[in-house]
Peer 1: 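Quick one: structure below, then a few questions.
Residues: numbered from 1 along the sequence shown. Read the numbers this way: they start at 1 and go in the same order the structure lists the ligands and their atoms. Computed from a predicted structure; not experimentally measured.
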Amino acid sequence: KILIIGACGQIGTELTMKLRELHGKENVIASDINTRNLELVNSGPFEIIDAKNFNAIRDCCKNYKVKTVYLMAALLSATGEKYPMEAWDLNMNSLFHVLNLAKDKVIERIFWPSSIAVFGPTTPKINTPQHTVCEPTTVYGITKQVGERWCEYYHNKLGVDVRSIRYPGIISHKALPGGGTTDYAVDIYHKAITNGHYNCFLSKDSELPMIFMEDAIRATLELMDAPSEKLSIRSAYNLAAISFTPQDVFESIKNYIPEFEITYNPDFRQAIADSWPSSIDDSVARTDWNWSHRFDLDAMTTEMIHKLRLKYES
Ligand code: VAH
């Protein structure tokens, strides 16, 4: 059985739907701090679990005989700056709980998401290497950097099969992101359809690594299905797909909505975006587990506009 912790989040929602499609809904237990996504609650086993609560996670794993855990609960970069200690508490203790359950052989395999947020202002910004300087300037980035060290430690010293990806910003249409800096790249599509104007909280030239959700989910499942002996990285894999600026995605949307307008009013999230790379070298993921992205910016825009028109105009 599979347990997703944080199933109602941006990634968790689509991961749960995909895993239920692949493994049968009875074999995929969704959990979150509340029942905010009724579609997940009503389409298979659902448990209210606070990811900070070890006993709740342990009891769920034992009751359902869970062998694989996807730990998708976290406070993201913008929220983490507002609530540093809460971000440290949730992001770190939830990871220790699942790592220790694997150490004690209660579960067998873990997926834990890292992020390009592990990189900082001193990291090479173009084609950021797999192994490089990581001096993150956000609380969220610190939790992901330290989390990567703990994942590698539990694998190398205690034989835990934990796997991780440094996700770029993720663009999706099913569930909204919450509290991230790359969220502008989701908001802009919604506003193009519903409002015709977008007030962007990053400057027009802020180039960031991004990926369409369909590619991000496939990467996650391909990594989890890869033979253990092929994996040379047990901190977290660099993963790349597309890099674009707010102006790039605005231009891409204008191909569909010519009257769409944008204004740029950078806020505190500009400093976070400025500390992250513009592009990522993911050659190790391509070598170790044959990763390759499929959606470029225009293919993503085509899909986002199509799906959001169905959602808002139905
Ligand atoms: C954030 N979407 O903006 C997340 C992600 C790479 C960015 O970690 O915080």
Peer 1: Near Gly180, which atoms of ligand 1 are under 4.0 Å from a heavy atom of that residue?
Peer 2: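 In order of numbering, the contacting atoms are 1 (C), 3 (O), 9 (O).
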Peer 1: For ligand 1, which atoms, with element, lie under 4.0 Å from some heavy atom of Leu76?
Peer 2: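 Ligand 1 atoms under the 4.0 Å threshold to Leu76: 9 (O).
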Peer 1: Where is the tightest heavy-atom contact between Lys67 and Val106, given as atom of each residue plus distance?
Peer 2: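 Smallest heavy-atom distance, with atoms named: NZ-O, 3.2 Å.
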Peer 1: Of the protein's non-hydrogen atoms, which lies at the shortest distance from atom 3 (O) of ligand 1, and what is that distance?
Peer 2: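 Result for atom 3 (O) of ligand 1: Thr181 N, 2.6 Å.
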Peer 1: Can you classify the ring geometry of Tyr167 versus Phe111 as parallel (below 30°), tilted (30 to 60°) or perpendicular (above 60°)?
Peer 2: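 Tyr167 and Phe111: tilted rings.
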Peer 1: Sub-3.5 Å donor-acceptor pair from the side chain of Asp215 to the main-chain atoms of Arg294, do we have one?
Peer 2: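 Pair found, side chain donor or acceptor close to backbone of Arg294.
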Peer 1: Which of the atoms of ligand 1 are close to Tyr167, meaning less than 4.0 Å from one of its heavy atoms?
Peer 2: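 Atoms satisfying the 4.0 Å criterion: 6 (C).
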Peer 1: Considering only the protein, which heavy-atom contact is closest to atom 6 (C) of ligand 1, and what is its distance?
Peer 2: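 Checking every protein heavy atom, the shortest distance to atom 6 (C) of ligand 1 gives Ile116 CG1, 3.2 Å.
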Peer 1: Would you call Glu152 and Arg234 a salt bridge, taking side-chain N to carboxylate O under 4.0 Å as the test?
Peer 2: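 Arg234 and Glu152: not salt-bridged.
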Peer 1: Using a 4.0 Å cut-off to any heavy atom of Ser115, which atoms of ligand 1 qualify?
Peer 2: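 Counting atoms of ligand 1 from 1, those under 4.0 Å from Ser115 are 5 (C), 6 (C), 8 (O).
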Peer 1: Is a salt bridge present between Lys18 and Glu14, judged by a nitrogen-to-oxygen distance below 4.0 Å?
Peer 2: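 Here Lys18 does not pair with Glu14 in a salt bridge, since their nearest N and O are not under 4.0 Å apart.
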Peer 1: Among all protein heavy atoms, pick out the one at the shortest distance from atom 2 (N) of ligand 1; state its residue, atom name and that distance to 0.1 Å.
Peer 2: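 For atom 2 (N) of ligand 1, the nearest protein heavy atom is Thr182 OG1, 3.0 Å.
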Peer 1: May I ask you to identify the nearest protein heavy atom to atom 9 (O) of ligand 1, giving residue, atom name and distance to one decimal place in Å?
Peer 2: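 Its nearest protein heavy-atom neighbour is Ser77 OG, 2.6 Å.
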Peer 1: Report the part of Tyr140 (side chain from C-beta onward, or backbone N, CA, C, O) that has a heavy atom under 4.0 Å from ligand 1; answer both or neither where that applies.
Peer 2: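 Side chain only.
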Peer 1: For Tyr140 and Thr79, what are the C-alpha separation, side-chain angles and deciding distance, and is it a side-chain contact (heavy atoms from CB on, under 4.5 Å)?
Peer 2: CA-CA 8 Å; Tyr140 171 73; Thr79 307; over 6 Å; no
Peer 1: Give a yes/no verdict on a cation-pi contact between Arg269 and Phe201, requiring under 6.0 Å between NZ or CZ and the six-membered ring centre and an angle within 45° of the axis.
Peer 2: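 Yes, cation above the ring, under 6.0 Å and within 45°.
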